[in-house]
Amino acid sequence: MDTLCKQKEVSQLFGLSIDTLRYYERIGIIPPIARDKNGYRDYKTTDLNWIYLVKTLRKTGMPINALQKYTRLSQKASQVDAATEQKAILRAQLADINEKIEELAQAQALLHYKLGNFDEHLVKFNTKDHDDPTIERLWEQN
């Protein structure tokens with residue numbers, strides 16, 4: 001039998017507020033959660049996987065509308081077509097992440113460079129000789 005968790009446990013497990021969990025369900029980025037006889041949500045392992053996936057994809061900057069589409073596709077009758085579209089959504093997000101990683105790597109390299117040469121740069125800046133031809137061109141460093 002599938003393990004059942006209550007909303008408070010799920011909230012603590014994933015570091016999401018109960019309001020966020022309800023919001024995700026209401027707007028359709030996680031499938032509807034089954035309820036017990038008293039109307040309380042019972043989260044199954046598959047629900048927890050969805051929440052983890054959504055939380056992770058939100059961290060990457062994936063827009064809500066893309067998550068909604070991805071979730072709707074998972075509930076389509078024609079799973080072959082849906083799977084193709086879902087893969088396309090994930091591939092697009094992966095490409096976006098890779099681009100962001102490259103941009104962050106460039107920013108990281110610049111910061112390493114600036115920190116490694118900070119005192120030298122400070123001396124040049126303090127001499128107020130801004131026309132010095134030896135002043136580096138940061139945009140050409142990468």
Side-chain angles (χ1 to χ4, degrees), residues 1-130 132 134-142:
M1 185 172 167
D2 204 9
T3 303
L4 299 178
C5 293
K6 294 298 181 189
Q7 202 164 45
K8 184 176 180 180
E9 296 170 297
V10 175
S11 172
Q12 292 170 344
L13 179 65
F14 293 111
L16 296 169
S17 71
I18 290 173
D19 287 339
T20 299
L21 291 170
R22 290 177 182 160
Y23 173 71
Y24 283 176
E25 183 181 2
R26 186 175 67 250
I27 66 168
I29 62 174
I30 60 173
I33 306 299
R35 302 206 181 213
D36 67 13
K37 64 182 177 178
N38 297 318
Y40 295 108
R41 290 170 176 86
D42 276 331
Y43 292 84
K44 298 177 184 170
T45 302
T46 54
D47 301 321
L48 300 179
N49 283 337
W50 268 105
I51 294 165
Y52 181 74
L53 177 65
V54 165
K55 181 180 176 183
T56 302
L57 291 173
R58 287 295 294 146
K59 283 183 188 177
T60 71
M62 181 180 270
I64 294 287
N65 63 341
L67 284 166
Q68 289 169 318
K69 182 176 181 182
Y70 184 86
T71 304
R72 276 193 310 272
L73 288 167
S74 74
Q75 298 165 347
K76 276 181 91 172
S78 173
Q79 288 298 312
V80 174
D81 293 338
T84 301
E85 288 185 58
Q86 284 180 303
K87 286 179 186 178
I89 291 169
L90 295 177
R91 282 188 184 107
Q93 191 61 27
L94 183 58
D96 187 49
I97 292 169
N98 288 336
E99 184 179 323
K100 287 177 185 174
I101 288 171
E102 180 60 33
E103 290 170 358
L104 287 171
Q106 290 173 4
Q108 181 185 42
L110 176 61
L111 291 173
H112 279 297
Y113 172 76
K114 290 297 289 180
L115 286 169
N117 298 293
F118 193 84
D119 293 333
E120 180 184 327
H121 293 181
L122 192 57
V123 168
K124 286 182 181 181
F125 183 77
N126 287 335
T127 64
K128 300 197 186 329
D129 186 8
H130 300 292
D132 179 353
T134 64
I135 294 176
E136 75 277 352
R137 296 171 170 219
L138 292 177
W139 64 94
E140 294 176 350
Q141 294 295 321
N142 292 328

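Quantities reported herein were computed from a predicted structural model and do not represent experimental measurements. Scope of the values below: all heavy atoms of this structure, side chains included, with no hydrogens, waters or symmetry mates.
Asn49 has its side chain out of reach of Leu53: every pair of non-hydrogen atoms, C-beta onward, lies at least 4.5 Å apart. Considering only heavy atoms from C-beta on, Cys5 stays 4.5 Å or farther from Leu13 through its side chain.
Note on ring orientation: taking the six-membered ring where Trp is involved, the planes of Tyr70 and Trp50 are perpendicular (angle over 60°, cut-offs 30° and 60°).
Taking a cutoff of 4.0 Å between a charged side-chain nitrogen and a carboxylate oxygen, Arg35 and Asp42 do not qualify as a salt bridge.
A donor-acceptor pair is defined here as one N or O able to donate and one able to accept, closer than 3.5 Å; such a pair exists between the side chain of Asp36 and the backbone of Asn38. Here the side chain of Gln93 pairs a donor or acceptor atom with the backbone of Thr60 at under 3.5 angstrom.
Between atom CD1 of residue Ile51 and atom OG1 of residue Thr46 there is a gap of 9.5 Å, rounded to the nearest 0.5 Å. Atoms CG and CG, from Leu110 and Leu115 in turn, are 9.5 Å apart once rounded to the nearest 0.5 Å. Separating the CG atom in Leu4 from the CG atom in Asp47 is a distance of 9.0 Å, to the nearest 0.5 Å. A distance of 8.0 Å separates CD1 in Ile18 from CD in Gln12, rounded to the nearest 0.5 Å. Summarising the geometry, atom CZ belonging to Phe14 is positioned 13.5 Å from atom OG1 belonging to Thr20; distances are rounded to the nearest 0.5 Å. Once rounded to the nearest 0.5 Å, the distance linking CD of Gln86 with CD1 of Ile89 reads 6.5 Å.
When all heavy atoms are compared, the tightest approach of Lys6 to Glu9 is N-OE1, 2.7 Å. Taking each heavy atom of Met62 and Leu67 in turn, the nearest pair found is SD-CD2, 3.4 Å. Closest non-hydrogen pair, Ile30 versus Leu21, comes out as CD1-O, 3.9 Å.
Other residues, nucleotides and ligands place more than 12 heavy atoms under 6.0 Å from the NZ atom of Lys100.
With Thr71 as reference, Gln75 is the one residue of Gln68, Gln75, Lys69 to meet the side-chain contact (heavy atoms from CB on, under 4.5 Å) rule.
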